[in-house]
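Taking it in order: structure first as structure tokens, then the write-up.
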Amino acid sequence: MSKIIDTIKHAIIEDDPDPKASASPQAHTEAPAATATPLQAPIPEATSHQPLSQEIEHVYQKILAKTDFDATPVAATIHKYLDPLTAIPSMDDRTKFKTAVIQAKAQEGLTQERILATFDGLKVALQNEQESFAATAEGTKEQEITNRQKKVQEITDAIAAKQKEIAGLQQRLSQVSTDLVEAQGKIERAKSQFAIAAQRRGTEIDQEKAKYVSLLQG
């Protein structure tokens, strides 16, 4: 089957013009239409899809490989009887498909239930793939994101500690600088005071000397 099977269930459970198909006791006891899943088949109506990016297409192809109806034993059985009918150009695709299913049922006991149940199995396989991916993604998140977030927090805390330490050093620097200015001011004031006092005392000594000079000469 080289094209998209738009509604395989319709081809299976619709009233078949073939009397043998109508006579089958299972013809009206198959799974309801809601259980069918659109598939690839030689039916003209094809479901259109938006083009996918290259990365998404790669992921899609990996999922498709694990949920491909054509890769199932049921599809292989249908192909066994369908492929030879492709050489009959006068027979339309739907008739070829239904004829192949009838032959597969007669020769190998392939039932409509088995065909539709295969799609249910594919949905289970898809669900398993989703759960497996979710578990892998969570593990990757723990390794690639959570651990890095922890490391970022550790570095942030270290920076905060250093900033606190720097703030403390800056406060100490400010205090030492203040003390330095005050010490320098004290020294300068002491020098100035000493110079004034020394000058005063020098003047007094000169005056006192002059007094004694005058007394000695008199």
Problem - Student check: side-chain heavy atoms of Asp70 and His79 closer than 4.5 Å - result: yes

Could you list the donor-acceptor pairs under 3.5 angstrom formed by side chains in residues 177-187, with sequence neighbours left out?
residue	atom	partner	partner atom	Å
Ser177	OG	Leu173	O	2.8
Thr178	OG1	Ser174	O	2.9
Asp179	OD1	Gln175	NE2	3.1

Nearest 0.5 Å, please: how far is [atom2] in [Y] from [atom1] in [X]?
X: Ile115; Y: Ile78; atom1: CD1; atom2: CD1; answer: 4.0 Å
X: Leu64; Y: Glu57; atom1: CG; atom2: CD; answer: 9.0 Å
X: Glu108; Y: Lys80; atom1: CD; atom2: NZ; answer: 4.0 Å
X: Thr86; Y: Met91; atom1: OG1; atom2: CE; answer: 11.0 Å
X: Gln207; Y: Thr203; atom1: CD; atom2: OG1; answer: 6.5 Å
X: Gln103; Y: Leu82; atom1: CD; atom2: CG; answer: 9.5 Å

Under 3.5 Å, side-chain donor or acceptor atoms of residues 152-159 against the rest of the protein: list the pairs with distances, not counting sequence neighbours.
residue	atom	partner	partner atom	Å
Gln153	NE2	Asp157	OD1	2.9
Thr156	OG1	Val152	O	2.7

Practice task
Look at the side chain of Thr77 and the backbone N and O of Pro73, then say whether any donor-acceptor pair between them is shorter than 3.5 Å.
Solution key: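 Confirmed, Thr77 side chain pairs with Pro73 backbone.
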
Problem - Sidechain-backbone polar pair: Thr136 side chain, Ser132 backbone, donor-acceptor under 3.5 Å - result: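 Yes, the answer is positive, given that a donor and an acceptor are paired below the 3.5 Å cut-off.
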
Exercise for the section: Just jot down the side chain to side chain donor-acceptor pair (under 3.5 Å) partners of Thr95, sequence neighbours excluded, or say none. Expected result: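 Partners of Thr95 by the side chain to side chain donor-acceptor pair (under 3.5 Å) criterion, ordered by chain and then number, come out as Asp92.
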
Practice task
State, to 0.1 Å, how close Gly109 and Arg114 come at their nearest heavy-atom pair, and which atoms those are.
Solution key: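 Reported closest heavy-atom pair: O-NH1, 4.3 Å.
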
Practice task
Flag yes if more than 12 heavy atoms outside Glu144 fall under 6.0 Å of its CD atom; otherwise flag no.
Solution key: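 Enclosed: over 12 neighbouring heavy atoms sit under 6.0 Å from CD of Glu144.
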
Exercise for the section: For atom CD of Gln171, decide whether the heavy atoms of other residues, nucleotides or ligands shown that lie under 6.0 angstrom number more than 12. Expected result: no

Verify the cluster assignment for [X] and [Y]: are they in a single hydrophobic cluster under the rule of side-chain heavy atoms below 4.5 Å apart?
X: Leu116; Y: Tyr81; answer: no
X: Val74; Y: Leu122; answer: yes
X: Leu126; Y: Val59; answer: yes

Exercise for the section: Begin from the C-alpha positions of Arg201 and Glu204 and carry the test salt bridge (Lys or Arg N to Asp or Glu O under 4.0 Å) through to its verdict. Expected result: CA-CA 5 Å; Arg201 184 55 186 157; Glu204 289 175 346; 3.0 Å; yes

